[in-house]
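These notes are about the structure you will find just below.
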Amino acid sequence: MTDDAAGGEGQTPIEHADGGGEPQRVGSFKYFFADERWEWAPQVQRMHGYAGDVVPTTELVLSHKHPDDYGQVAATLDEIRRTAGAFSTRHRIVDTHGEVHHVVVVGDQMFDDTGTVIGTHGFYVDVTPSVQQRHDRIVTEAVAEIAEARALIEQAKGMLMVIYRISADSAFELLRWRSQETNTKLRALAEQIVRDFLELRYDDELPPRSAYDRLLLTAHNRVAS
């Protein structure tokens, strides 16, 4: 863990706001190609309406897709299995209570100890407007506490908003979640993401979104100690 890592003893209220607390709108997942096995973080289980008593399978994952988005997601899964590449998608899921959630899902290659690609791992972000409204107070308080780091964080948020077409609140929640998951201070993580995105080389057209996906998922590895 770096000197800027979140969650240590003697943490200030600002540092706690940066990395502390468990975001409810962002959660991780893993998908293993060999046996079509999935692992969901508790947040992702709750997005689908489960309380921890579910063993996800590809069939179950697809059963929760909104009928109008089913074909898109099924095609994305086929492409992932065929190419073992990074991906990102925005679609709707229907939870066990019949409620519709708008989600952004981003994944990258997952390797075993020998360096062989065995699946994909990444995160879900619930960007449903009603969910955002319930978290407005939490997000507002967190932003107020990290005012001194706001410029960098706002810049990183803006980049995520454009790349993933999400709201400012969802972009901030995503940054906070990556800070917590990687034990990296939010300000340092935001600074690294901004640097990485700006250093991407391209000519007339922007790089593919998969390039940004990979930088986002690995930014914490490049934060200076």
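The basis for the numbers below is simple: all heavy atoms, side chains too, and nothing from hydrogens, waters or symmetry mates. In this text, all values refer to a predicted model and were calculated from it rather than measured experimentally.
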With R37 as the cation and F32 as the aromatic partner, state whether NZ or CZ is under 6.0 Å from the six-membered ring centre and within 45° of the axis. yes
Do you know the tightest heavy-atom contact between A84 and V117? CB-CG1, 3.8 Å
Starting at CD1 of I193, measure out to NE2 of H220 and round the result to the nearest 0.5 Å. 10.5 Å
How long is the span from the CG atom in L77 to the CG atom in L62, to the nearest 0.5 Å? 5.5 Å
Donor-acceptor contact present, side-chain R222 to main-chain L215, <3.5 Å: yes
Charged N to carboxylate O below 4.0 Å: is that the case for E191 and K185? no
Decide if the gap between the ring center of F197 and the ring center of Y212 is smaller than 6.0 angstrom. yes
Ring centre gap for Y31 and F29 strictly below 6.0 Å: no
Give a yes or no on whether V55 and V44 share a hydrophobic cluster (residues Ile, Leu, Val, Met, Phe, Trp, Tyr; joining criterion: side-chain heavy atoms under 4.5 Å apart). no
Can you tell me if Q109 uses its side chain to pair, donor with acceptor, with the backbone of T120 under 3.5 Å? no
Which atom pair, heavy atoms only, marks the closest approach of R178 to L216? NE-O, 3.9 Å
Using a 4.5 Å cut-off on heavy atoms from C-beta on, say whether the side chain of I93 contacts that of K65. yes
S88 and R209: which non-hydrogen atoms are nearest, and at how many Å? OG-NE, 2.7 Å
Please tell me whether F33 and W40 are part of a single hydrophobic cluster in this structure, the criterion being side-chain heavy atoms less than 4.5 Å apart. yes
Going by atom types only, do R46 and Q43 share a side-chain donor-acceptor pair under 3.5 Å? no
Any non-hydrogen side-chain atom of R81 less than 4.5 Å from a side-chain atom of E36? yes
Using distance alone, with no hydrogens and no angle criterion, decide if Y50 and H64 have a side-chain donor and acceptor under 3.5 Å apart. yes
Starting from the C-alpha separation in whole Å, work towards a yes-or-no answer on side chain to side chain contact (heavy atoms under 4.5 Å, CB included) for T128 and V100. CA-CA 8 Å; T128 309; V100 175; over 6 Å; no
Just by modelled atom types, is the R165 backbone N or O under 3.5 Å from a matching donor or acceptor in the R90 side chain? yes
Please determine whether residues L198 and V162 belong to a single hydrophobic cluster, defined as Ile, Leu, Val, Met, Phe, Trp and Tyr linked transitively by side-chain heavy-atom distances below 4.5 Å. no
With distance as the sole test, does S179 use its side chain to make a donor-acceptor pair with the main-chain N or O of T184 at under 3.5 Å? yes
Quick one: pull up CD in Q45 and CG in D95 and give me the separation to the nearest 0.5 Å. 13.5 Å
Could you tell me whether the side chain of V103 reaches within less than 4.5 Å of the side chain of R92, counting heavy atoms only? no
Separation between OG1 of T89 and CZ of F87, rounded to the nearest 0.5 Å: 7.5 Å
Would a 4.5 Å heavy-atom cut-off, applied to side chains only, mark E199 and R195 as touching? yes
For residues W38 and T57, is any side-chain donor paired with an opposing acceptor at under 3.5 Å? no
dist M161:CE -> D169:CG (nearest 0.5 Å) comes out at 9.0 Å
Hydrophobic cluster identity match, L60 and V73, side-chain contacts under 4.5 Å: yes
Return yes when atom NZ of K30 has more than 12 non-hydrogen atoms of other residues, nucleotides or ligands closer than 6.0 Å, and no otherwise. no
Check the pair D112 / T114 against side chain to side chain donor-acceptor pair (under 3.5 Å), numbers first and verdict last. CA-CA 5 Å; D112 63 12; T114 67; 2.7 Å; yes
Please examine the side chains of K157 and L175, heavy atoms only from C-beta on, and report whether any two atoms are closer than 4.5 Å. yes
Would you mind checking if R82 and E79 are paired as a salt bridge, meaning a charged N to carboxylate O distance below 4.0 Å? yes
What pair of heavy atoms forms the shortest contact from T96 to G49, and how long is it? OG1-O, 2.9 Å
Flag, side chain of T76 to backbone of Q72, donor-acceptor distance under 3.5 Å: yes
S170 side chain vs I166 backbone, donor-acceptor pair below 3.5 Å: no
When you compare the side chains of D126 and H101, does any donor N or O come within less than 3.5 Å of an acceptor on the partner? yes
Could you tell me which non-hydrogen atom of H66 sits nearest to which non-hydrogen atom of V94, and how far apart they are? CA-CG2, 4.1 Å
Quick one: are W177 and T182 in side-chain contact, heavy atoms under 4.5 Å? no
Common cluster, Y124/V54, ILVMFWY with side-chain heavy-atom separation under 4.5 Å: yes
As an exercise, state the distance from CD of E154 to CZ of F172, rounded to the nearest 0.5 Å. 8.5 Å
